[in-house]
Undergrad: 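Input: one structure, supplied below.
From a predicted model like this one, the values you see are computed outputs, not experimental measurements.
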Amino acid sequence: MRARMPVRTILLTGFPGFIGTRLVARLLNDEPESRVIVLVEPRMAGRAQEVAVRLAGGRRIEVVTGDIGRRRLGLPDARHARLAADVTHVMHLAAIYDLAVAPAIAERVNVLGTEHVVAFCRACPQLQRLDYVSTAYTAGERSGLVMEGDLAAGQSFKNHYESTKFAAEVIVRGAMADVPTAIWRPAIVVGDSQSGETQKFDGPYYMLRLVALCERLHLPVPRIGAGAAPFNVVPVDFVVDALAVGSRLPDAIGRTFHLTDPEPLTADRLLRVLAQAYAGRSPRLRLPAPLLDRAMRLRPVRALLAGMPREALVYMNHPVSFDTTNAQAVLGAAGLSCPRFESYAPVITAFFREHEDDPAFAPGH
């Protein structure tokens, strides 16, 4: 099967991030003849080179220092021209994922950066496709079922992360007539479903922080708000598998895919599963979400929850679900499906327990 794999020269942004690093490793393993060029900020060049050596002994991964926030990716004209002449595929993962990000930073990286990556794609004479990683939360404050083909529906947004990723996807969709593109929209990404390994403890890991705190203080684990809304999480290995396989499928071009759990747990059920896995007990008293929101204005309360941003609370009580028709048809035909959260909750909880006091896993580290 490998003999039939296309030989690609892939430019990838978002390395050495959590998903980007795993995706590069998967691409190198799947495609022995392909080459990966990673575009990284100058401040990340040393770290990127270390990871490249670890993954491939310094071979088949070329680290290029640039800046997606600048015109021509921050590259000298001659270097930009050589890179454009070589690249056949672009995988754009780089983004600011912080829910509390300042608007100027989110705009520069998520919107302007995507505009510059699309402009680079247009400059590549051999370009076969762009695979763009968006987010399911371009849906903003919409409720109910959001289809994969949906984007602009007059929605407002919960934070600058959502609004700038929406604006970035508008740019990508606007270029699809001349840049062959597949758009991938993950839900909230957690650790590996087999090992539990993750890069930082954010998202639903804040629930585990709450459970751990209650366990230390011998307090009951509270339920947060009504908790009746779906809380959509996916393991990183499912996202990486989908991107690695999907980026080679011609049927994916021109389509948008929700990389989401088609049968997500409610926030209340997800907290219950995590509390059982960590402490062997279930949440009891309900803590009204507005009360917790007010309490989290206080720095000591946020510190107790390892810096959990107030912006994260709304995701636990937002009644939105995501259609996965395209993903199940195209990825399902390739043998890929999202595992149920209960099946891997024990391993991500075990990894959290092992590393919960390690500052390297704190958000923003």
Undergrad: In terms of hydrophobic clusters joined by side-chain contacts under 4.5 Å, are Ile183 and Ile253 together?
TA: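 In one cluster: no.
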Undergrad: Regarding Glu107 and Lys165, does a basic nitrogen lie under 4.0 Å from an acidic carboxylate oxygen?
TA: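 Judged by the 4.0 Å cut-off on N to carboxylate O distance, Glu107 and Lys165 do not form a salt bridge.
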Undergrad: Between Asp261 and Val234, is there a donor-acceptor pair closer than 3.5 Å when you use the side chain of the first and the backbone of the second?
TA: no
Undergrad: Taking Asp150 for the side chain and Met147 for the main chain, is one N or O donor matched with an acceptor at less than 3.5 Å?
TA: yes
Undergrad: Ignoring hydrogens, what is the shortest heavy-atom contact between Leu27 and Met91? Give both atom names and the distance.
TA: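 Taking every non-hydrogen atom into account, CD1-SD, 3.8 Å.
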Undergrad: For atom CD of Glu33, decide whether the heavy atoms of other residues, nucleotides or ligands shown that lie under 6.0 angstrom number more than 12.
TA: no
Undergrad: Please answer whether the main-chain N or O of Thr138 pairs with a side-chain N or O of Gln155 as donor and acceptor at a distance below 3.5 Å.
TA: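 Answer holds: yes.
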Undergrad: Are the side chain of His318 and the backbone N or O of Arg142 linked by a donor-acceptor pair below 3.5 Å?
TA: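 The answer is yes, because a donor-acceptor pair under 3.5 Å joins these two groups.
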Undergrad: Would a distance-only check, ignoring hydrogens and angles, find a side-chain to backbone donor-acceptor pair under 3.5 Å from Glu162 to Ala139?
TA: no
Undergrad: Nearest heavy-atom pair of Gln199 and Pro16: which atoms, and what distance?
TA: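 Closest heavy-atom pair between Gln199 and Pro16: NE2-O, 4.0 Å.
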Undergrad: Show, in sequence, the C-alpha distance, side-chain angles and deciding distance for Gln276 and Ser282, and conclude whether the side chain to side chain donor-acceptor pair (under 3.5 Å) test is met.
TA: CA-CA 6 Å; Gln276 283 288 345; Ser282 297; 2.7 Å; yes
Undergrad: For the hydrophobic clusters of this structure (ILVMFWY residues joined by side-chain heavy atoms under 4.5 Å, transitively), does one cluster hold both Phe157 and Val146?
TA: no
Undergrad: Among the clusters formed by ILVMFWY side chains lying less than 4.5 Å apart, do Val133 and Leu112 turn up in the same one?
TA: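 As far as the 4.5 Å side-chain criterion goes, Leu112 and Val133 are not connected within one cluster.
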Undergrad: Have Gln328 and Ser337 got a donor and an acceptor in their side chains that come within less than 3.5 Å?
TA: no
Undergrad: Quick one: does Val236's side chain get under 4.5 Å of Arg22's, heavy atoms only?
TA: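 Contact flag for Val236/Arg22 side chains = yes.
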Undergrad: How about Cys214 and Pro222: do any of their side-chain heavy atoms sit closer than 4.5 Å?
TA: yes
Undergrad: Taking the six-membered ring where the residue is Trp, are the ring centres of Tyr137 and Tyr161 under 6.0 Å apart?
TA: no
Undergrad: When you check the gap from the basic side-chain N to the acidic O, do Arg72 and Asp67 get nearer than 4.0 Å?
TA: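 Not counted as a salt bridge, because no side-chain N and carboxylate O are separated by less than 4.0 Å.
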Undergrad: Distance from Arg272 atom CZ to Glu342 atom CD, nearest 0.5 Å?
TA: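 Answer for the CZ-CD pair, Arg272 versus Glu342, is 12.5 Å.
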Undergrad: Do Val179 and Arg122 have side chains that approach each other closer than 4.5 Å (heavy atoms only, starting at C-beta)?
TA: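 Yes, side chains in contact.
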Undergrad: Do other residues, nucleotides or ligands put more than 12 heavy atoms under 6.0 Å from Arg59 CZ?
TA: no
Undergrad: Would you say the side chains of Thr266 and Asp268 form a donor-acceptor pair under 3.5 Å?
TA: no
Undergrad: Please step through side-chain contact (heavy atoms from CB on, under 4.5 Å) for the pair Trp184 and Arg255, ending with a clear verdict.
TA: CA-CA 9 Å; Trp184 308 91; Arg255 302 168 80 173; over 6 Å; no
Undergrad: Verify side-chain contact (heavy atoms from CB on, under 4.5 Å) between Leu271 and Val211, making sure each step is shown before the conclusion.
TA: CA-CA 9 Å; Leu271 175 59; Val211 173; 4.0 Å; yes
Undergrad: Is there a side-chain contact (heavy atoms from CB on, under 4.5 Å) between Ile10 and Val90 once you walk through the steps?
TA: CA-CA 6 Å; Ile10 304 165; Val90 174; over 6 Å; no
Undergrad: Identify the heavy atoms of Leu127 and Arg129 that sit nearest to each other, and give their distance.
TA: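 Leu127 and Arg129 have their closest heavy atoms at CD1-O, 3.5 Å.
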Undergrad: In this structure, is the centre-to-centre distance between the rings of Phe120 and His80 below 6.0 Å?
TA: yes
Undergrad: So for atom CZ, which belongs to Arg70, do other residues, nucleotides or ligands contribute more than 12 heavy atoms lying within a distance under 6.0 Å?
TA: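 12 or below, so no.
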Undergrad: Please determine whether side-chain contact (heavy atoms from CB on, under 4.5 Å) holds for the pair Tyr97 and Ile188, giving the CA-CA distance in whole Å, both sets of side-chain angles, and the decisive distance to 0.1 Å.
TA: CA-CA 10 Å; Tyr97 294 97; Ile188 300 167; over 6 Å; no
Undergrad: Looking at Phe201 and His355, what are the two nearest heavy atoms and their distance?
TA: CE1-O, 3.5 Å
Undergrad: Do the charged groups of Arg79 and Asp77 touch, with an N to O distance under 4.0 Å?
TA: no
Undergrad: So, taking the atom named CG in Leu243 and the one named OH in Tyr132, what distance separates them when rounded to the nearest 0.5 Å?
TA: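 With rounding to 0.5 Å, CG (Leu243) is 12.5 Å from OH (Tyr132).
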Undergrad: Assess whether atom CZ of Arg281 is packed by more than 12 heavy atoms of other residues, nucleotides or ligands within 6.0 Å.
TA: yes
Undergrad: State, with a plain yes or no, whether a side-chain heavy atom of Val109 is found less than 4.5 Å away from one of Ile68.
TA: yes
Undergrad: Measure the spacing between CG of Leu336 and CG of Asp237 and express it to the nearest 0.5 Å.
TA: 10.5 Å
Undergrad: Any heavy-atom pair between the side chains of Asp192 and Thr198 that's under 4.5 Å?
TA: no
Undergrad: Is the closest side-chain heavy-atom distance between Leu12 and Val24 below 4.5 Å?
TA: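 Side chain of Leu12 against side chain of Val24, heavy atoms only: contact under 4.5 Å found.
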Undergrad: Do you know which two heavy atoms are closest between Val190 and Phe18, and how far apart they sit?
TA: O-CE2, 4.0 Å
Undergrad: Between Glu263 and Arg340, is there a donor-acceptor pair closer than 3.5 Å when you use the side chain of the first and the backbone of the second?
TA: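 No, Glu263 side chain to Arg340 backbone: no donor-acceptor pair under 3.5 Å.
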Undergrad: Hey, are Thr13 and His92 close enough side-chain-wise for a donor-acceptor pair under 3.5 Å?
TA: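 Short answer, yes.
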Undergrad: Any side-chain heavy atom of Thr260 sitting closer than 4.5 Å to one from Arg185?
TA: no
Undergrad: Is Arg82 salt-bridged to Asp86, cutoff N-O under 4.0 Å?
TA: no
Undergrad: Yes or no on side chain to side chain donor-acceptor pair (under 3.5 Å) for Arg8 and Ser247, after CA distance, side-chain angles and deciding distance?
TA: CA-CA 11 Å; Arg8 309 195 288 177; Ser247 71; 3.1 Å; yes
Undergrad: Side chains of Ser156 and Glu141: donor-acceptor distance under 3.5 Å anywhere?
TA: yes
Undergrad: What pair of heavy atoms forms the shortest contact from Gly149 to Arg173, and how long is it?
TA: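 Distance-wise, the nearest heavy atoms are O-NH1, 3.1 Å.
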Undergrad: Is it true that Leu145 and Phe166 fall in one hydrophobic cluster, defined by side-chain heavy atoms closer than 4.5 Å?
TA: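 No, Leu145 does not connect to Phe166 through the hydrophobic network.
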Undergrad: Please check: side-chain N/O of Glu169 versus main-chain N/O of Ser134, any donor-acceptor pairing under 3.5 Å?
TA: no
Undergrad: Both conditions, 6.0 Å and 45 degrees, for the charged tip of Lys158 above the ring of Tyr315: are they met here?
TA: yes
Undergrad: Sort out for me which residue in Arg47, Glu50, Gln49 forms a side chain to side chain contact (heavy atoms under 4.5 Å, CB included) with Val63.
TA: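 In the set Arg47, Glu50, Gln49, the residue that makes a side chain to side chain contact (heavy atoms under 4.5 Å, CB included) with Val63 is Gln49.
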Undergrad: With rounding to the nearest 0.5 angstrom, report the CD1 to CG distance, Ile224 to Leu210.
TA: 5.0 Å
Undergrad: Is a side-chain donor or acceptor of Thr349 paired with a backbone partner of Ala345 at a separation under 3.5 angstrom?
TA: yes
Undergrad: Can you confirm whether or not the ring centre of Phe351 sits under 6.0 Å from the ring centre of Phe361?
TA: yes
Undergrad: Identify whether Phe352 and Val273 are in the same connected component of the hydrophobic contact network (ILVMFWY, side-chain heavy atoms under 4.5 Å).
TA: yes
Undergrad: Less than 4.5 Å apart, any side-chain heavy atom of Val245 and any of Arg248?
TA: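 Yes - at least one pair of side-chain heavy atoms lies under 4.5 Å apart.
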